[in-house]
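Note sheet for the following structure.
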Amino acid sequence: MSGRIRLGVFLAGAAGLAWLLISAFLRLPGFGGDFHPYGERSVSAGLAREVPNIVSSINFDQRAFDTVGEELILVAAALGAVVLLRTIRQEAEDEAGEHRHGPAEVLDAFRITGYALLPITVLIGIYIIAHGYLSPGGGFQGGVVLGSALHLVYLSGDYPALARLRPIPLFEAAEVLAAGAFVVLGLGFAGQVTAMNAAVGLEVGCATVLVLAKFFEQALLIRQEGS
């Protein structure tokens with residue numbers, strides 16, 4: 001396909017998308033009016049399912065299909081990072097590269113602070129995920145907190161301890177299982193906001209750990225002297 005044909009296909013698609021967006025905006029209810037058809041329907045549906053938080057009811061129930069798309073984007077991003085960076089690492093190691101795994105030289109106060117904050121941060125992440133059922137927030141935010149919490153060990157200067165805390169195959173399996181569980185819950189079990197919220201938190205946390213793990217491997221890869 002020539003460049004001119006590709007440009008034509010792109011312009012046709014962009015024009016169609018622009019028409020759809022403009023049509024949708026023109027048909028929106030007037031700003032500041034008393035007619036809110038979407039809000040009324042969402043609130044009614046959430047109350048009918050006896051969900052205490054309407055925002056979470058919309059995210060994980062009424063528009064669960066859209067949330068599934070967001071989940072799959074995270075899965076694809078983590079998978080792409082794992083595949084691409086793993087290939088780059090193998091190529092670099094074949095060119096006489098090696099990894100520096102030893103603990104870094106940091107102040108004892110900094111090291112102790114990192115270890116002390118680890119359980120607190122994990123607890124906060126779990127709380128955010130569990131609390132998402134009652135108030136806006138939950139799985140996505142709590143998953144990022146959980147995924148980031150483990151790396152306090154790395155910031156404390158102990159990469160070997162971090163590697164022991166996050167076995168990559170286990171996190172890869174957990175991410176796929178969590179994403180699959182969310183799809184099954186969204187398709188077959190309406191109103192399961194708590195379970196779907198937990199699945200999102202697990203998937204996001206695992207994806208965060210996997211992506212950062214591959215970037216850490218690249219950062220720690222060094223060249224042997226004289227190579």
Side-chain angles (χ1 to χ4, degrees), residues 1-81 84 125 127-148 175-176 178-208 210-211:
M1 182 180 295
S2 64
R4 181 172 298 179
I5 295 177
R6 289 197 298 270
L7 179 60
V9 172
F10 167 76
L11 291 176
L17 178 61
W19 178 79
L20 290 174
L21 290 175
I22 293 173
S23 299
F25 279 118
L26 292 177
R27 296 182 182 181
L28 287 173
F31 181 77
D34 57 357
F35 179 62
H36 305 286
Y38 313 114
E40 294 174 358
R41 294 175 184 176
S42 299
V43 172
S44 299
L47 294 176
R49 292 179 170 87
E50 299 182 353
V51 177
N53 175 21
I54 300 301
V55 175
S56 294
S57 173
I58 295 172
N59 287 336
F60 298 107
D61 189 8
Q62 301 177 39
R63 55 178 287 272
F65 182 79
D66 180 72
T67 307
V68 167
E70 297 172 358
E71 290 285 293
L72 296 179
I73 290 174
L74 287 173
V75 172
L79 180 61
L84 177 62
Y127 173 82
I128 293 174
I129 294 175
H131 198 254
Y133 179 66
L134 302 174
S135 65
F140 283 96
Q141 298 89 333
V144 173
V145 173
L146 285 179
S148 304
E175 183 195 15
V176 174
F182 185 89
V183 173
V184 172
L185 291 170
L187 293 177
F189 303 92
Q192 298 298 318
V193 178
T194 303
M196 297 175 74
N197 201 40
V200 169
L202 179 60
E203 195 279 332
V204 172
C206 291
T208 302
L210 290 174
V211 172

(request) Check Ala199 against Ala178 and note the closest heavy-atom contact, atom names and distance. (result) O-CB, 3.5 Å
(request) Could you tell me whether a side-chain N or O of Asn197 sits under 3.5 Å from a main-chain N or O of Ile129, the two making a donor and an acceptor? (result) yes
(request) Check side chain to side chain contact (heavy atoms under 4.5 Å, CB included) between Leu28 and all other residues, then give those that pass, not counting sequence neighbours. (result) Phe25, Tyr38
(request) Taking side chain to side chain contact (heavy atoms under 4.5 Å, CB included) as the test, write out the residues that go with Ala198, two or more places apart. (result) none
(request) Quickly, which of Leu210, Val211, Val204 forms a side chain to side chain contact (heavy atoms under 4.5 Å, CB included) with Thr208? Name it, please. (result) Val204
(request) Quick one: list whatever passes side chain to side chain contact (heavy atoms under 4.5 Å, CB included) with Val176, sequence neighbours left out. (result) none
(request) Any chance you could measure Ile54, atom CD1, to Ile58, atom CD1, to the nearest 0.5 Å? (result) 7.0 Å
(request) Can you sort out the partners of Val183 under side chain to side chain contact (heavy atoms under 4.5 Å, CB included), two or more places apart, ordered by chain and number? (result) Val68, Leu187
(message) What's the separation between atom CG in Leu72 and atom CZ in Phe182, rounded to the nearest 0.5 Å?
(response) 9.5 Å
(message) Return the CD to CG distance between Glu175 and Leu74, rounded to the nearest 0.5 Å.
(response) 7.5 Å
